[in-house]
Visitor: 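Can you keep this structure in mind? I'll have questions shortly.
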2 protein chains.
Amino acid sequence: MAKGNSLGEFEHLVLLAVLRLGTDAYGMRVRREIADRTGRDVSIGAVYATLDRLADKGLVTSTLHDPTPERGGRAKRSFQLTGAGAEAVNRARQDLASMQEGQVFPHPRGAQ
Amino acid sequence: MAKGNSLGEFEHLVLLAVLRLGTDAYGMRVRREIADRTGRDVSIGAVYATLDRLADKGLVTSTLHDPTPERGGRAKRSFQLTGAGAEAVNRARQDLASMQEGQVFPHPRGAQ
DNA sequence: GGCCATTTCTACATGCTAGAAGAAATTGGG
DNA sequence: CCCAATTTCTTCTAGCATGTAGAAATGGCC
């Protein structure tokens with residue numbers, strides 16, 4: 001029916017993390033960022049799977065860096081948003097905003 | 001690993017539509033609301049499947065009404081958020097807000 | 001009986017998740 | 001100096017959850 005180019009929920013969070021982290025957006029770091037900010041206990045496999053999928057869709061690209069001189073400092077692969085990635089994240093944000101505008105959110109205790 | 005009780009993207013939109021529509025939240029109406037507000041061409045099957053899943057998770061409940069006296073007016077089943085549903089929608093909102101806070105969103109044309 | 005608004009069903013595509021395995025680097029004991 | 005341990009990070013695999021489309025069924029109105 002439709003085109004169906006919309007972001008999954010976790011894809012949205014990952015894209016926001018990449019945007020926020022700038023040049024420091026590699027797998028482990030993205031995971032930590034999401035965990036710290038949302039309190040969610042994200043598995044690392046989930047993050048990489050999602051980053052790969054985003055790359056397939058052309059919403060991010062990746063660059064392989066040289067290893068840093070720290071213990072266990074393996075080479076990092078960092079990710080950047082593409083133009084399409086920026087569009088996607090903006091669109092997701094606007095769709096949610098449209099659905100929320102003028103809305104009074106109930107305190108959970110009030111509802112049933 | 002984690003608990004994994006988070007909302008999918010479409011689940012989020014549907015929940016917001018139900019909240020927004022109040023007593024008028026039945027399948028066809030929810031579909032129209034999302035289409036109107038986001039421009040997305042949602043299939044009706046998608047909406048019902050999602051509403052059913054949300055009901056299974058205890059985030060909404062449904063009530064069957066009497067048919068209205070209009071041509072073709074079959075009985076409507078309308079949905080309401082539960083307390084857990086309100087919690088879920090608030091949590092999803094806050095998680096996104098945390099990931100977005102202080103963030104400058106690029107105009108797509110500016111990026112690459 | 002045919003029409004219409006709505007819901008239900010079914011089946012497949014895509015996204016999410018977890019954890020174990022693999023790779024590349026530093027460290028420190030012998 | 002070398003090797004095994006340790007650390008950080010990435011890749012892989014496989015199963016379950018969500019998203020999507022459309023056709024079929026339902027039931028009141030005319």
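First the proteins, then the strands, lettered A, B, ... as listed; each starts at 1.
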Visitor: Can you tell me how far P of dT8(D) sits from CG of Asp24(A), to the nearest Å?
Guide: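 Asp24(A) atom CG is separated from dT8(D) atom P by 15 Å.
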Visitor: Please tell me if Lys57(B) has a side-chain N or O lying less than 4.0 Å from either OP1 or OP2 of dT18(D).
Guide: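 Answer is yes, contact under 4.0 Å.
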Visitor: Under a 4.0 Å threshold between the charged nitrogen and the carboxylate oxygen, would Glu9(A) count as salt-bridged to Arg40(A)?
Guide: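 Looking at Glu9(A) together with Arg40(A), the answer is yes, because their closest N to O distance falls below 4.0 Å.
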Visitor: Which whole-number value in Å describes the distance from Phe10(A) CZ to dA18(C) P?
Guide: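 After rounding, the gap between these two atoms is 9 Å.
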Visitor: Using a 3.5 Å distance criterion without hydrogens, assess whether the side chain of Glu101(A) forms a donor-acceptor pair with backbone atoms of Met99(A).
Guide: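 Flag not set: sc Glu101(A) to bb Met99(A) has no pair under 3.5 Å.
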Visitor: If you apply the rule salt bridge (Lys or Arg N to Asp or Glu O under 4.0 Å), what do you find for Arg77(A) with Asp52(A), and how did you get there?
Guide: CA-CA 11 Å; Arg77(A) 184 155 73 107; Asp52(A) 284 348; 3.2 Å; yes
Visitor: In whole angstroms, how far is the P atom of dT17(C) from the CG atom of Leu51(A)?
Guide: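 Whole-Å distance recorded here is 13 Å.
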Visitor: Closer to the 5' end of DNA chain C via nearest nucleotide, is it Leu64(B) or Pro69(A)?
Guide: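 Upstream on the strand: Leu64(B).
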Visitor: If I take atom CD in residue Glu11(A) and atom P in nucleotide dT17(C), what distance separates them, rounded to the nearest angstrom?
Guide: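 Atom-to-atom, Glu11(A) to dT17(C), this comes out as 11 Å.
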Visitor: Whole angstroms only, please: what is the CG-C1' distance between Asp56(A) and dG15(C)?
Guide: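 Rounding to the nearest Å, CG of Asp56(A) and C1' of dG15(C) are 12 Å apart.
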Visitor: Between Glu33(B) and Arg37(B) (salt bridge meaning N to carboxylate O under 4.0 Å), is one present in this structure?
Guide: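 Here Glu33(B) pairs with Arg37(B) in a salt bridge, since their nearest N and O are under 4.0 Å apart.
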Visitor: Using atom CG of Leu59(B) as one end and atom C1' of dT18(D) as the other, report the distance to the nearest whole Å.
Guide: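 Distance, rounded to whole Å: 14 Å.
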Visitor: Can you tell me the distance, in whole Å, between the CZ atom of Arg31(A) and the P atom of dT8(D)?
Guide: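 Value for this atom pair: 12 Å.
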Visitor: Side-chain N or O of Ser43(A) less than 4.0 angstrom from OP1 or OP2 on dT17(C)?
Guide: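 Looking at the OP1 and OP2 atoms of dT17(C), neither is under 4.0 Å from any side-chain N or O of Ser43(A).
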Visitor: What heavy-atom pair brings Val42(B) and Ala35(B) nearest, and what distance separates the two atoms?
Guide: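 Scanning both residues, the minimum pair turns out to be CG2-N, 4.5 Å.
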Visitor: Scan Gly8(A) against the nucleic acid and name what it touches under 4.0 Å (heavy atoms): base, sugar-phosphate only, or nothing.
Guide: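 Touches sugar-phosphate only.
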Visitor: With rounding to the nearest 0.5 angstrom, report the CD to CZ distance, Gln103(B) to Arg20(A).
Guide: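 The CZ atom of Arg20(A) is 5.0 Å from CD of Gln103(B), to the nearest 0.5 Å.
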Visitor: Picking from dC16(C), dT20(D), dA25(C), which would you name as closest to the side chain of Thr50(A)?
Guide: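 When the side chain of Thr50(A) is considered, dC16(C) is the closest of dC16(C), dT20(D), dA25(C).
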Visitor: Evaluate the salt bridge (Lys or Arg N to Asp or Glu O under 4.0 Å) criterion for residues Arg53(A) and Glu11(A): first the C-alpha distance (whole Å), next the side-chain angles of each, then the deciding distance (0.1 Å), finally the verdict.
Guide: CA-CA 9 Å; Arg53(A) 230 181 301 124; Glu11(A) 291 180 330; 3.2 Å; yes
Visitor: dC16(C), dT20(D), dA20(C): which one has an atom nearest the side-chain heavy atoms of Arg53(B)?
Guide: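 Out of dC16(C), dT20(D), dA20(C), the nucleotide with an atom closest to Arg53(B)'s side chain is dT20(D).
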Visitor: Check nucleotides 4-6 of chain C for protein N or O atoms closer than 3.5 Å to its own N or O atoms and list the pairs.
Guide:
unit_1, atom_1, unit_2, atom_2, d
dA5(C), O4', Gly72(B), O, 2.8
dT6(C), OP1, Tyr26(B), OH, 3.1
dT6(C), O2, Arg74(B), NH1, 2.9

Visitor: Quickly work out the Ile44(B) CD1 to dG19(D) P distance and round it to whole Å.
Guide: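 Value for this atom pair: 15 Å.
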Visitor: Take Leu7(B) and Ala49(A), find for each the nucleotide of DNA chain D with the closest heavy atom, and name the residue whose nucleotide sits nearer the 5' end.
Guide: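 The answer here is Ala49(A).
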